[in-house]
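The block underneath contains the structure these notes are about, expressed in structure tokens.
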2 protein chains.
Amino acid sequence: MNIGNAAEKSGLSAKTIRYYEDIGLLQADRADNGYRDYSMSDVHRLRFLQRSRSLGFSVEECRQLLSLYSDKDRESATVKAIAKAKLTEIDRKLAELTELRDTLRLLVRNCHGDKRPDCPIIEGLGGKDRVAA
Amino acid sequence: MNIGNAAEKSGLSAKTIRYYEDIGLLQADRADNGYRDYSMSDVHRLRFLQRSRSLGFSVEECRQLLSLYSDKDRESATVKAIAKAKLTEIDRKLAELTELRDTLRLLVRNCHGDKRPDCPIIEGLGGKDRVAA
DNA sequence: ATAAAGGTTCTAGTGAGTGGAAGGTCAAGG
DNA sequence: CCTTGACCTTCCACTCACTAGAACCTTTAT
């Protein structure tokens with residue numbers, strides 16, 4: 001399939017897909033006319049990239065995640081270590097996102113129509129105290 | 001408190017904090033010596049920024065989220081609309097992140113020691129089909 | 001007094017795209 | 001056959017969100 005189609009299916013722009021090819025994240029086949037040609041498997045990878053990027057992983061982290069996805073050597077210690085580290089990070093992100101959501105919900109519900117300048121909920125918004133990593 | 005301290009407490013670098021001030025996200029008081037001076041409330045805001053950024057929200061989105069946080073006019077329709085849109089987005093991110101985690105877990109567990117070139121889990125990695133927005 | 005640590009501003013560079021020009025390809029209609 | 005419009009190609013310049021480093025000032029500890 002052509003790049004426009006792959007873009008639509010993956011949620012990435014065609015420009016971004018070309019850029020990912022440039023930096024070696026995912027190289028596509030070429031049709032006889034020179035057009036890039038994507039398989040469904042490529043589209044899966046692209047969607048995977050779209051998600052991980054939008055969830056705050058860097059391109060380099062996505063490259064590692066993709067290697068879990070594509071690597072024939074999936075049982076290697078390195079790859080497993082990466083996967084485990086990523087899992088930990090994902091769990092942290094999940095916790096933070098959940099907290100953010102709860103706070104926002106509370107804010108929407110409880111501060112509705114409330115004109116008090118110092119809504120008591122505000123102070124909780126920074127999340128629980130924790131030492132910086 | 002000085003910027004270094006605020007940086008440590010918020011998880012942002014001092015450079016980033018200065019940058020956020022540059023673009024008008026959060027302006028700090030100044031002490032007599034010219035040093036920036038942060039309150040705990042500022043630190044809450046900074047941590048809030050650190051989180052929302054790391055969870056994939058753009059700086060402009062963070063600016064909106066911060067306005068929920070800081071705005072005295074919290075009951076306004078605009079602000080509430082923003083909050084609701086953000087909540088929807090957060091829920092979507094939560095779902096995606098959960099899916100990513102489950103997939104990664106499955107991959108780590110089930111592909112251990114498995115040298116087959118086409119691990120059947122792989123095909124699931126792109127997530128459920130959905131039409132691009 | 002002096003050194004180290006931390007603050008200031010400034011300019012420049014990086015990572016991750018995005019926009020637009022200039023041109024090639026393809027399917028449909030006149 | 002020719003044109004029109006949608007889609008593809010490459011390339012270069014621009015934006016956004018930092019990040020590094022220089023040059024210099026302030027505070028703290030010895």
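Throughout, protein chains are lettered first and strands after them, A, B, ... in sequence-line order, and every chain is numbered starting at 1.
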Exercise. Does anyone know the first and last nucleotide of DNA chain D in reach of chain B, 5' to 3', at under 4.0 angstrom to a heavy atom?
Worked result: D/dA17 to D/dT27
Find the distance [X]:[atom1] to [N]:[atom2] and express it as a whole number of Å.
X	N	atom1	atom2	answer
A/Ile17	C/dA16	CD1	P	17 Å
A/Arg63	C/dG15	CZ	P	11 Å
A/Glu60	C/dA16	CD	P	6 Å
B/Tyr38	C/dG6	OH	C1'	14 Å

[X] bridged to [Y] by N-O distance under 4.0 Å:
X	Y	answer
A/Arg30	A/Glu21	yes
B/Lys93	B/Glu96	no
B/Arg101	A/Asp91	yes

Problem set entry | Pair B/Arg92-B/Thr88, side-chain donor/acceptor within less than 3.5 Å | no
Exercise. Which part of the nucleic acid, if any, lies within reach of A/Arg18 when heavy atoms closer than 4.0 Å are counted: base, sugar-phosphate only, or nothing?
Worked result: base
Exercise. How is A/Ile3 classified with respect to the nucleic acid when contacts are heavy atoms under 4.0 Å: base, sugar-phosphate, or nothing?
Worked result: sugar-phosphate
Exercise. Does B/Arg30 put a side-chain nitrogen or oxygen below 4.0 Å from OP1 or OP2 of C/dT9?
Worked result: yes
Problem set entry | A/Arg53 side chain near C/dG17 phosphate (N/O to OP1/OP2, under 4.0 Å) | yes
Problem set entry | Side-chain donor or acceptor of A/Asp22 paired with backbone N/O of A/Tyr19 under 3.5 Å | no
Exercise. Of all the nucleotides listed (C/dT18, C/dT25, C/dG19), which has the minimum atom distance to the side chain of A/Lys15?
Worked result: C/dG19
Exercise. Which residue lies toward the 5' end of DNA chain C, A/Asn33 or B/Glu21, if each is placed at its nearest nucleotide?
Worked result: B/Glu21
Exercise. Quick one: does A/Tyr20 reach the base of C/dG17 with a side-chain donor-acceptor pair under 3.5 Å?
Worked result: no
Problem set entry | Among A/Leu26, A/Asn2, A/Asn5, A/Asp29, the one residue meeting side-chain contact (heavy atoms from CB on, under 4.5 Å) with A/Tyr38 | A/Leu26
